[in-house]
Amino acid sequence: MSNIVDEFNAYREKMNSRILEDNNKVIKRIFNLDTNAFMEGALNVKTKELLGLVASAVLRCDDCVRYHLETCHKEGMTKEEVAEALSIATLVGGTIVIPHLRRAYEFWDALEEKASQN
């Protein structure tokens, strides 16, 4: 199951490199803004990642949900913390979020499986 983690990261890295090789100033600034927005600040990284996770789930962006789940996992968050954040996203976004919730759980399980193999 952890293959979905590797496939996601490989595709993301490949396509980000492809996008950035065009050297488009606007896109580069958006990527930089995104990176800087999730750095430690008045809010800690854990809080920002949970906010990003909830917003991404409500907006139904599976790529973004996966990205934030992986960062949450790297930040040492528990399944309970992530599940609670996803429950808020489902409450706010409504039942249309449920398919994305399923994929989020699948990805979190894959992250945990991959971590247990290392």
Side-chain angles (χ1 to χ4, degrees):
M1 184 182 278
S2 66
N3 197 26
I4 65 173
V5 174
D6 296 333
E7 288 172 9
F8 171 72
N9 285 324
Y11 179 77
R12 184 175 181 277
E13 184 177 325
K14 173 186 168 187
M15 293 313 299
N16 282 355
S17 294
R18 171 62 190 94
I19 290 165
L20 292 172
E21 78 184 20
D22 279 349
N23 205 28
N24 180 288
K25 187 186 289 189
V26 174
I27 291 175
K28 286 175 82 170
R29 286 182 177 172
I30 290 170
F31 273 52
N32 185 267
L33 179 61
D34 182 67
T35 299
N36 287 324
F38 287 92
M39 295 177 130
E40 195 82 21
L43 296 174
N44 62 33
V45 171
K46 181 177 176 178
T47 300
K48 288 181 175 188
E49 288 301 329
L50 289 173
L51 289 168
L53 176 61
V54 169
S56 296
V58 170
L59 292 169
R60 301 183 311 272
C61 177
D62 286 334
D63 277 12
C64 300
V65 167
R66 286 180 173 194
Y67 174 81
H68 290 294
L69 283 172
E70 188 162 18
T71 306
C72 286
H73 195 268
K74 287 177 183 175
E75 289 293 318
M77 288 184 219
T78 65
K79 182 177 183 177
E80 291 75 21
E81 290 171 312
V82 169
E84 193 165 316
L86 288 169
S87 72
I88 299 298
T90 307
L91 173 67
V92 171
T95 57
I96 197 165
V97 173
I98 292 173
H100 305 278
L101 181 63
R102 290 184 192 117
R103 288 187 287 274
Y105 267 73
E106 176 187 30
F107 197 75
W108 184 264
D109 289 346
L111 288 166
E112 287 190 329
E113 181 182 314
K114 184 174 180 167
S116 72
Q117 294 172 353
N118 292 336

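Numbers here are sequence positions counted from 1.
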Item to check | Audit row: I19, K28, side-chain contact (heavy atoms from CB on, under 4.5 Å) steps and yes/no | outcome: CA-CA 9 Å; I19 290 165; K28 286 175 82 170; over 6 Å; no

Item to check | Contacts of R29 that satisfy side-chain contact (heavy atoms from CB on, under 4.5 Å) - sequence neighbours left out | outcome: K25

Checklist entry - Is I4 reachable from L111 through a run of hydrophobic residues whose side-chain heavy atoms are each under 4.5 Å from the next? => result yes

Checklist entry - What's the spacing between L86 CG and E81 CD if we round to 0.5 Å? => result 12.0 Å

Checklist entry - Checking salt bridge (Lys or Arg N to Asp or Glu O under 4.0 Å) for the pair E21/R18: CA distance, chi angles, key distance, verdict? => result CA-CA 5 Å; E21 78 184 20; R18 171 62 190 94; 3.5 Å; yes

Checklist entry - Out of curiosity, E84 CD to T78 OG1, how far, rounded to the nearest 0.5 Å? => result 9.0 Å

Next on the checklist: Centre-to-centre under 6.0 Å for F8 and F107, is that the case here?
Outcome noted: yes

Next on the checklist: Please check if the number of heavy atoms outside E112 that lie under 6.0 Å from its CD is greater than 12.
Outcome noted: yes

Checklist entry - Quick one: NZ on K48 to SG on C72, what's the gap to the nearest 0.5 Å? => result 13.5 Å

Next on the checklist: Any heavy-atom pair between the side chains of D22 and I27 that's under 4.5 Å?
Outcome noted: no

Checklist entry - Do H68 and L50 come within less than 4.5 Å of each other through their side chains, counting heavy atoms only? => result no

Checklist entry - I88, V58: one ILVMFWY side-chain cluster at the under-4.5 Å cut-off? => result yes

Next on the checklist: Any heavy-atom pair between the side chains of L53 and M77 that's under 4.5 Å?
Outcome noted: no

Checklist entry - Do the side chains of V65 and W108 join up, straight or via other hydrophobic residues, at under 4.5 Å, putting them in one cluster? => result yes

Checklist outcome for this item: Here the gap from E70 atom CD to N9 atom CG, rounded to the nearest 0.5 Å, amounts to 4.0 Å

Checklist entry - Which is it for L69 and E49 under the side-chain contact (heavy atoms from CB on, under 4.5 Å) test, yes or no, and what are the steps along the way? => result CA-CA 8 Å; L69 283 172; E49 288 301 329; over 6 Å; no

Less than 3.5 Å apart, which donor and acceptor atoms pair up between the side chains of residues 94-102 and the rest of the protein, not counting sequence neighbours?
| unit_1 | atom_1 | unit_2 | atom_2 | d |
| --- | --- | --- | --- | --- |
| H100 | ND1 | D62 | OD1 | 2.7 |
| H100 | ND1 | D62 | OD2 | 3.4 |
| H100 | ND1 | R103 | NH2 | 3.2 |

Checklist entry - Do you know the tightest heavy-atom contact between T47 and L43? => result CG2-CD2, 4.2 Å

Return all side-chain donor-acceptor pairs below 3.5 angstrom for residues 33-42, not counting sequence neighbours, or 'none' if the list is empty.
| unit_1 | atom_1 | unit_2 | atom_2 | d |
| --- | --- | --- | --- | --- |
| T35 | OG1 | F31 | O | 3.1 |
| N36 | ND2 | N32 | O | 3.3 |
| N36 | ND2 | N32 | OD1 | 2.7 |
| E40 | OE1 | V45 | N | 3.4 |

